[in-house]
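Notes to accompany the following structure.
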Amino acid sequence: MASISPERHSPTEPPSKDKATQMSQKDLSNGISSLLGDTEYSDLTIMCGQHKFRVHKAVVCPRSEFFRTARKKGSFKEGELGVINLQASSVGSSDVIDSDDPDAVRLMLVYLYKQDYTVVCMDTDDFATGCDDAQAIAASAGTFNASDRILTTHAKVFAVAEKYGIRSLKALAHHYFAQQTNPTPEDLAEAIKVIFTTTPEHVRELRDIVIKYILTQQSPAILEHPNIEAAIQSVDTLAYELLKKSQGAGSYGGIRSQDSCSHICSRCARKMSKPTRNSCLGDCTFCGADAWLTFKS
Amino acid sequence: MGNRFKGLNGADVDFETTWKVLETAFKEIHTKNASALSFEELYRNAYKIVLKKKGEELYNNVAQFEANWLSGEVRNRVVKQLTAPLLLLTDGTGRSLATSAERRVAGESFLRALKESWEDHQVCMGMLTDVLMYMDRVYCTDHRQPSIFAKAMGLFRDQILRSPVRPESPDLIEVLTSIVLDQIQMHRDGERINSHLIKSNVYMLEGLYESDQEVEDAKLYLRLFEPYFLQTSAMFYREEGERLLKESDAGTYCKEAKRRIEEESDRCRSTLSESTTVKIQRVVEDELIRHKMKGLIEMDSGVQYMVDNDKLYELGLVFELEARVDARKTELTKAMQKIINEMGTEINNAAINTSQAPPTAPSAQDEHGDDRQKPGGTRQINQQTVAALKWVENVLALKTRFDNIWKTAFASDQTVHTALERSMGEIINAFSRGSEYISLFIDENMKKGIRDKTEAEIDATLEQAITTVRYLQDKDIFETYYKKHLCKRLLLKKSQSIDVEKQMISRMKLELGNSFTLKLEAMFKDMTLSEELTSGYRKHVAQLGDADPKRVDLSVSVLTSMTWPLEAFRGASEDEREGRSNIIFAASIERIKAGFEQFYSKKHSGRKLTWQTNMGDADVKAHFPRSKNGRPMTHDINCSTYAMLILLLFNSLPSTTSLTLEEIQAKTNIPENDLKRNLQSLAVAPKTRFLVKEPMSREINAGDRFSYNENFSSKIIKIKVGVVSAGNKVEGDRERKETEKKNNDSRGFAIEAAVVRIMKQRKSLPHAQLLTETISQLSTQFKPDVNMIKKKIESLIEREYLERIEEAAVPSYKYLA
C-alpha cells in the first residue's frame with residue numbers, strides 16, 4: 001500500500017500536567033542539590049566545631065526559623081557577621097544536651113539540599129569540597145564509625161531537627177530510626193541517652209519506639225547488657241516508663257484521658273490531689289517529685 | 001558546663017545560671033547593645049531550659065523581667081515628659097492655664113517619649129521572641145499561654161498605659177487620650193500639629209488589647225480612645241453647628257460643613273485610624289447635617305433664598321450634604337417641592353387674574369386687535385389668550401429653571417428628579433385650564449410664533465410644547481382642544497407651515513401613542529384629498545368649456561364628519577344647526593354648489609355632502625364710486641360666506657334701496673346671531689363699512705335698515721372683513737361646559753370600551769382588579785373617575801355585557817359573550 005499510515009505522522013502526545021509538574025519538581029530539587037558544596041553563591045557560613053559549612057540563605061533559611069532569625073540583620077552578632085556558630089559537642093560524645101553533634105548538623109544541612117540523608121559512607125562527604133578544614137571531616141569520618149552507630153546518628157539528627165525546627169527532617173529521622181530493627185546494644189544504649197536527654201519529654205516519637213523495643217525483647221539479655229543498664233539508669237524517668245509500660249497501665253503517648261486514671265507519686269506514693277488539664281502532670285505537691293504511676297480506674 | 005551534668009536530670013540544670021545569662025543579654029537588648037550577643041548562644045540556653053521542663057519558670061522570669069523594666073525604666077522616662085502645661089488637662093480646667101502653644105510643645109514631647117518607648121519595646125520584644133522561639137513553640141503552645149511577645153505587649157499596657165501617673169491620679173492612657181484630643185482640637189482650630197506623632201501612638205493603641213485574649217474589638221484604641229474622641233467631637237460640632245447657623249448664611253454653613261467632613265476624613269487618615277473614618281463622619285454628619293438640615297434649609301439664606309438668587313453652587317452643597325445622610329434627600333426635596341408649588345401656584349393665580357381682569361385700556365402689546373375693533377367680549381377673550389401664552393411660558397420657564405438646578409446642583413439625582421417632576425405635574429394639573437392653555441400655546445406658535453424662527457428654534461418650541469403635554473393627566477381633554485385648534489388652523493389656513501404641524505403630530509405620536517394622533521392625522525389626510533378634489537373640479541369645469549369669466553371659483557374642503565370638531569366654528573346654540581342647511585344662496589353660487597355636488601357624487605357615490613356655510617369664506621370684488629379720493633375704485637374683499645351672501649343681495653338692488661334686518665334674514669335664511677354679527681362687521685366696523693345702517697348704532701336691532709354705502713372709501717385695496725365668530729381663542733364659559741360635557745361623554749365611552757376589552761380577555765374578574773386594570777389602561781389618556789367607572793359597569797350590566805357572579809367571595813363580574 002502506498003498510503004502512509006496516519007500514526008507515523010501524528011504529533012507526539014503532549015505531556016500531562018502531572019508529568020510536567022513532576023519534571024519541574026525534579027528539576028527544582030536537582031537544582032537545589034547541585035548547590036550543595038557550592039561556594040560561588042554561598043552567602044552564609046555555619047560553623048560547628050571543626051566544621052565550616054558554606055551554605056545558601058535561600059536554601060537554609062526558609063526551612064528553619066532558627067537560621068532565618070539568626071541571620072536577620074540588625075539584631076544579633078550573627079546577622080552582622082554572616083556566620084552562625086553552633087556550639088559543638090566533643091567528638092563522638094553523646095552528651096549533646098548543650099551542644100550539637102557536628103555530624104548531625106552536617107546531615108541536617110545535607111538534608112536541606114538533598115531532601116534526604118544517609119548515615120553510611122561518610123567519606124564521600126558532599127561537603128568535602130565546601131569544607132575549609134578537610135582534616136576535620138577526615139577526623140570525624142575516621143573516629144566515627146557510622147555503621148556502628150546508625151541508631152544513635154538518626155537520634156541525633158532527630159534532635160537537631162527538633163532543636164532547629166525542621167519538621168520534615170524530624171519525620172524522616174523518625175522513619176529511619178524506626179527501620180533499625182536490630183541495633184547493637186552499644187548503639188541502642190547510646191541512642192537512649194541521646195533521645196532522653198536532648199529532646200523534651202513531650203516529644204514522644206523515638207521514646208516510644210525505644211520503650212517498646214526494650215519491652216518486646218524476648219530475652220532479658222538486653223537489660224543485662226552493661227551499656228544498656230547504664231543508659232537506663234542514667235535517665236531516671238525511663239525506668240518508670242518501662243515499668244508502667246510493662247504493667248500495661250500506661251500508654252506510649254502519655255496519659256491523655258485523665259478522667260479514667262489515677263496518679264500515684266512514684267516517690268512518696270501519695271495520690272495526686274487534683275487532676276491537671278494537660279498530659280503534663282507537674283510536680284508532686286507533697287514531695288516535689290515529677291514521676292507518677294498511673295492506674296486505670 | 002555540659003560535662004558536669006553527666007547524670008542528666010531536669011532538676012539538675014542550673015536554671016539560675018542559665019537564666020542569668022539570658023537576663024544579662026536581655027538587659028543588653030533593652031539598652032540597645034545587642035549586636036555583640038550571639039543569637040545561637042541565647043537560643044541554645046533558652047532551648048536547654050525548656051528541654052529541662054523549666055519552660056514555665058523561664059516564661060515567668062521573662063515576664064517579670066519585662067514588668068520590672070517597664071515599671072522601672074520606661075514609665076519614668078514617659079512620666080517625666082508630663083510637664084506642667086499638661087498636668088491640668090485632664091480635669092478640664094487646664095485649657096486656660098497654659099497657652100495652646102505651650103500645651104502643644106509639651107504634648108508633643110510626651111507623645112514622642114511614649115511613641116519611642118513603645119517602638120523600643122516592640123523591637124526588643126521582637127528580639128526576645130527570637131531568642132525564646134523554642135519556648136513559645138513548646139511551652140506556650142502546650143500550656144495555652146499567650147506568646148511571650150503578646151504577654152509583653154500586655155505588660156506594656158498594664159505597666160505603662162494603665163498605671164496611674166502618680167498615686168491618686170488618672171492612668172497614663174487617660175492622660176494620653178486627653179493630650180491627643182487637645183492636639184486634635186488645636187488642629188481643628190487651625191494650628192499645625194505633629195500628626196505623625198499622634199498616629200504612632202494610635203498605632204500603639206491599635207496594637208494593644210484590653211485583655212490578653214486579643215479579641216479584635218477589644219483594642220485599646222476602640223475601647224479607651226475612640227469613644228472619647230467621638231464624644232468630644234460630637235460636642236464640638238454640635239456647638240459649632242449652632243454657632244454657624246447663627247453667625248453665617250446657609251452657603252457658608254454648607255461650605256464649612258463640607259470642609260469639616262473632609263477634614264475629619266483626612267485626620268483619620270493622617271493622624272488617627274482609618275477605621276474611625278466612618279464613625280467620625282457619622283458624628284459630623286449627625287451634628288452638622290442630620291440634626292441641622294431642617295434649620296439650614298429654612299434659614300433666611302436657605303434653600304428658598306438660593307433658588308431665588310440662582311445660587312446653584314450653594315444648592316449643590318446642600319444637596320451634597322443631605323445626600324450624605326439621606327439617600328432620599330427628604331428635607332431638600334420637600335423644600336424644593338414647596339418652592340415649586342408656591343411658584344407654580346403663583347403662575348396659576350397670575351393666569352387666572354389676567355384672564356379675569358376687566359378689559360383695560362388698549363394695551364401696548366395688543367398685537368391681535370390692529371384691524372379689528374372688537375366689542376368688549378372679544379377683548380376679554382383676547383386677554384385669555386395672553387394669559388394662556390403667559391401661563392405656558394411661565395410654566396416652561398419654571399421647568400427650565402428647576403431642570404437647570406437639578407442638573408447643575410443636584411447632580412441629576414434620580415430621586416430628586418422624580419419629586420420635582422411630580423411637583424411640576426401637580427401644578428400643571430392643578431390649573432383647570434392647563435390642557436386648553438397648552439393647546440393654545442401651540443396654536444399661537446403655529447400661527448405666528450414660528451414665523452421667523454430657524455429650524456432648531458422651532459424644534460425647541462415643539463419640544464417645549466411636548467414637555468408640558470407630558471405632564472397632563474387628562475390627555476383626552478387636551479386632545480379635544482388640540483383638535484379644535486388644529487381644525488381652525490387648517491381650514492382657515494392660519495398655519496405657518498404644514499410641515500411643522502406634521503412634525504408636532506409625529507412628536508405627539510411618539511409621546512402619547514398612536515391612538516392619540518389617529519384622528520389628527522385623518523384631518524391632514526382630508527386636507528390633502530380636498531386639495532386634489534378642488535383641482536380636479538377646476539379641471540372638470542374647464543373641460544366643460546364654460547369660460548364664463550364671471551363664474552365663481554370654488555375651493556372645497558371635504559371633511560369627514562366624525563373627525564373634525566365642527567362645533568368649534570359654531571359659537572352658537574343648537575337651533576342654528578337646523579337653520580344652516582336651509583341657507584338661501586344667490587343663483588350664481590347655487591349653480592356652483594350644485595355643479596360640485598354633481599361632480600362629487602360621480603366620484604364617490606352614496607356620500608352625503610353637508611355644506612358648512614358658517615365656516616367658509618369668499619373673495620369678492622366690489623366697486624365703490626367714490627372710494628379713492630372721490631374716484632371709483634375696485635376693492636378685493638375677503639369675507640365670510642354669510643357676508644358674501646348679504647353683500648350679493650345689494651348687487652341686484654338700486655343703490656338707494658334699503659333692506660331691513662328681517663328682509664335680509666328672509667332672503668338668506670342666515671341664522672340670526674350670525675346675521676347680526678356679519679352685519680356688525682359690514683355696517684358698524686369703520687374700516688369695512690360697505691353698508692349704511694339706519695339708524696346708526698353699535699347694536700343690530702330688529703327693524704334696522706341697511707343700504708349700499710356709495711361713499712365708502714379706503715386706501716387699501718385688499719380688505720379683510722373680520723368676523724367675530726371666527727375668533728379661535730379661549731373658550732367662553734358656556735363653551736367650556738359644553739366641552740366638558742362632551743369630554744365626559746367620550747370618557748364614558750372610553751371607559752366602557754376598556755372594561756369590555758378587559759372582560760373579554762379575562763372572562764371573569766373581581767371588582768377591585770377590574771378597577772385597577774381599567775385605570776391603568778386609560779392612564780395614558782386621562783385619569784378616570786372611579787365613580788364613573790362604577791356607573792359604566794352598572795350600565796354594562798344593564799345592557800347585558802357583564803353580569804355579577806353571585807356566589808363569589810369578593811364582588812366579581814363575568815363577561816357575557
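Taking 4.5 Å as the limit, every side-chain heavy atom of B:Tyr43 sits out of range of all side-chain heavy atoms of A:Thr69. Between A:Pro200 and B:Lys53, every side-chain heavy-atom pair lies at or beyond the 4.5 Å cut-off. A:Thr198 places none of its side-chain heavy atoms less than 4.5 Å from the side chain of B:Tyr47.
The parts of A:Glu162 that come within reach of chain B are both its backbone and its side chain, each placing non-hydrogen atoms under 4.5 angstrom from that chain. Both the backbone and the side chain of B:Met127 come within contact range of chain A, each with at least one heavy atom under 4.5 Å from a heavy atom of that chain. Proximity to chain A (any heavy atom under 4.5 Å) is restricted, for B:Ala36, to the backbone atoms N, CA, C and O. Contact of B:Val131 with chain A is made through the side chain alone, with heavy-atom distances under 4.5 Å.
Counting heavy-atom neighbours within 6.0 Å of B:Arg137 CZ, excluding the residue itself, gives a total above 12. Surrounding CZ of B:Phe149 are more than 12 heavy atoms belonging to other residues, nucleotides or ligands, all under 6.0 Å away.
In this view, B:Glu40 and B:Arg44 satisfy the salt bridge (charged side-chain N to carboxylate O under 4.0 Å, His left out) rule, not counting sequence neighbours.
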Side-chain donor-acceptor pairs of residues 111-119 of chain B under 3.5 Å, sequence neighbours excluded:
residue  : atom : partner  : partner atom : Å
B:Ser117 : OG   : B:Ala113 : O            : 2.8

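To the nearest 0.5 Å, atom NE2 of residue A:His202 and atom CG of residue B:Asp142 are 5.5 Å apart. Atom NZ of B:Lys48 sits about 9.5 Å away from atom NZ of A:Lys163, to the nearest 0.5 Å.
Looking only at heavy-atom pairs under 4.5 Å with chain B, the residue among A:Leu81, A:Leu86, A:Ile84 that has the most is A:Leu86. When the candidates A:Arg68, A:Gln87, A:Lys72 are compared by the number of heavy-atom contacts under 4.5 Å with chain B, A:Gln87 comes out ahead.
For B:Ser38 against A:Glu78, the heavy-atom pair with the smallest separation is OG-OE2, 2.9 Å.
For B:Tyr134 and A:Phe66, the ring centers sit 6.0 Å or farther from each other.
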